Enquirer: 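I have a structure I would like to understand better, so I am pasting it below and will then ask my questions one at a time.
Note that the structure is predicted; figures quoted are calculated from it, not measured. Letters A, B, ... are given to chains in the order of the sequence lines, protein chains preceding strands, and every chain is numbered from 1.
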There are 2 protein chains.
Amino acid sequence: MTTEPEPSTESRTPLTKERVLDAAIALADESGIESLTMRKLAEDLGVEAMSLYYHVANKNVILDGMVDQAFSEIDMSFVELDWRSAMTHRAISVREVLSLHPWAISLMQSRTNPGPALLHHHDSVIGILRQAGFSIEMTAHAYSALDAYIYGFVSQELSLPFDTSSAEEAAEVADAILESFPTEVFPYLAELTIEHVMQPGYNYADEFEFGLDLILDSLERLK
Amino acid sequence: MTTEPEPSTESRTPLTKERVLDAAIALADESGIESLTMRKLAEDLGVEAMSLYYHVANKNVILDGMVDQAFSEIDMSFVELDWRSAMTHRAISVREVLSLHPWAISLMQSRTNPGPALLHHHDSVIGILRQAGFSIEMTAHAYSALDAYIYGFVSQELSLPFDTSSAEEAAEVADAILESFPTEVFPYLAELTIEHVMQPGYNYADEFEFGLDLILDSLERLK
DNA sequence: ACCTGAACACCGTTCAAGT
DNA sequence: ACCTGAACACCGTTCAAGT
């Protein structure tokens, strides 16, 4: 019985901003952004909370870094495709990354310091539209509409209290909501829920590409 | 010099859940959702923090109530219009209310208890689409796409560090971002910023209806 | 019936101090 | 150079107690 636990080799590696960021992302991925406290983060890294302040100025620096890290994970191979395929692939890839890191979209919306990965991503998307012949103005319109749609869809999806690719879970939740009011009071809501959402095979996740195509169809026409 | 300050007539009115909710909304509107603490809210109401727990089970009940209150403020007169005008007017009205209560959209996304005002709103929108001849499936597609777009646009707009209906403020912020990197590194981003965003008369807020029309145009074609 | 004081288990952060 | 203990000014919430 020694008085000190053996120091793990991991905890002996000196801290760096990178290690702090990686640990913050791992913690937020696993336990949710509300579990990301300076004290818990320090614990995961084998140090005291106060040690973190030697490597980052404050918690906001960590949050900004996490967002940019997430953006750097977006698959950029869409830059090789024609504009419409490129927009589709980038939308799917953005959605994938944001679903993998459910904290990212809310952080994005509360933080306003664009990092290098975000700027690079923006530049690539704008470049594709410009090279495809979209005017500057139409490029701005297109980018605004696509981003609003993508972020809005993912926000909605992440805020639903069930896995959107599971028809069973969706049906259960829909059923619970249905039972909270008489169907005569909200007849159209009841109809849509019973005859669509609660049907086997319904998949809210499938709505993503449908809505995306609505926007892309119109853009193609206006090009 | 009396030992007790005169009790204001206001603070003598007994608390109710409604008064707590109204005060919570007033506080969040004025000082931001991060200022809404049980202690500050109690102070505004002239009681101690612990008194609030006699009227509401916990803070989440207040947050849920605030969201539904905001939804009840949406102008419902769109129900009289043809489907396309109705969708446009309801989108504009939702955006207005969410801009008036900047805390509402983030609360909506973190809370999952739909209140009566939200359910009624959903039912009305679905009813318009169904009566206009949209199939159940197409109604689901349309609603999903429109809501994703509306909430996404408002989220983006509220997260920008300037008033989106001010061309001057947008240009200033754009200029600051531009100076954070050499223009050769992100040429397309630089071009869009300099030749569009920083031009006099540019108004990000104007993008809202353009993107909305992209979706509505496609829906009209598919109807 | 309605409100409160004291307490608990948390936060982020500062600062002087340790090695 | 890197880490920490103690402290500060906060949180939401419980509970027994006051009127």
Enquirer: Using a cut-off of strictly less than 4.0 Å between a heavy atom of the residue and any atom of DNA chain D, enumerate the qualifying residues of residues 104-112 of chain B by number.
Expert: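 Close to the strand, none.
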Enquirer: Does B:S51 put a side-chain nitrogen or oxygen below 4.0 Å from OP1 or OP2 of C:dC2?
Expert: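 Checking B:S51 against C:dC2: no side-chain N or O falls below 4.0 Å of OP1 or OP2.
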Enquirer: If you compare all heavy atoms of B:I215 against all heavy atoms of B:A145, which two are closest, and at what distance to 0.1 Å?
Expert: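 Where B:I215 meets B:A145 most closely, the heavy atoms are CD1-O, 4.0 Å.
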Enquirer: Would you say B:E34 has more than 12 foreign heavy atoms packed within less than 6.0 Å of its CD?
Expert: yes
Enquirer: Identify the two heavy atoms, one from B:Y188 and one from A:D123, that lie closest to each other, and give their separation to 0.1 Å.
Expert: N-OD1, 2.9 Å
Enquirer: Inspect the surroundings of NE2 in B:H196 and state if more than 12 heavy atoms from other residues, nucleotides or ligands are less than 6.0 Å away.
Expert: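 Counting neighbours around NE2 of B:H196, more than 12 heavy atoms of other residues, nucleotides or ligands fall under 6.0 Å, so yes.
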Enquirer: Do A:R95 and A:F208 form a cation-pi contact, if we require the NZ or CZ to be under 6.0 Å from the six-membered ring centre and within 45 degrees of the ring's axis?
Expert: yes
Enquirer: Taking 4.0 Å as the cut-off, does a side-chain nitrogen or oxygen of A:H55 come that near to OP1 or OP2 on D:dC3?
Expert: yes
Enquirer: What are the two closest heavy atoms between A:S165 and A:N203, and how far apart are they?
Expert: CA-OD1, 2.9 Å
Enquirer: Checking B:Q69 against B:H101 for the side-chain hydrogen bond (donor to acceptor under 3.5 Å, both in side chains) test, could you report, in this order, the C-alpha distance in whole Å, the side-chain angles of both residues, the deciding distance, and whether it holds?
Expert: CA-CA 10 Å; B:Q69 180 91 284; B:H101 304 299; over 6 Å; no
Enquirer: Under 3.5 Å for both distances, Watson-Crick or G-U wobble, that's the pair rule; now give the dot-bracket for DNA chain C, with | marking pairs to another strand and [ ] for crossing ones.
Expert: ||.|||||...|||||.||
Enquirer: Compare every heavy atom of B:V197 with every heavy atom of B:A170, then report the nearest pair and how far apart it is.
Expert: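 In terms of heavy atoms, the two residues are closest at O-CG1, 4.4 Å.
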Enquirer: Does any part of the side chain of B:E207, heavy atoms only, come nearer than 4.5 Å to the side chain of B:T164, both counted from C-beta?
Expert: no
Enquirer: Output the rounded distance in Å from CZ (A:R19) to C1' (D:dC2).
Expert: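 Computing the A:R19:CZ to D:dC2:C1' distance gives 13 Å.
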Enquirer: Can the ring centroids of B:Y143 and B:H122 be said to lie less than 6.0 angstrom from one another?
Expert: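 Yes, ring centres under 6.0 Å apart.
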Enquirer: Expressed as a whole number of angstroms, how long is the span from A:I62:CD1 to C:dT13:C1'?
Expert: 12 Å
Enquirer: Figure out the OH/P separation between B:Y54 and C:dA1, and round it to whole Å.
Expert: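 Atom OH in B:Y54 sits about 6 Å away from atom P in C:dA1.
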Enquirer: Can you name the closest pair of heavy atoms from B:Q156 and A:A148 and give their distance?
Expert: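 Looking at all heavy atoms of both residues, the shortest contact is NE2-N, 4.0 Å.
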Enquirer: For every nucleotide of nucleotides 5-12 of chain D, 5' to 3': is a protein heavy atom under 4.0 Å from its base (B), only from its sugar-phosphate (S), or from neither (-)?
Expert: BBB---BB
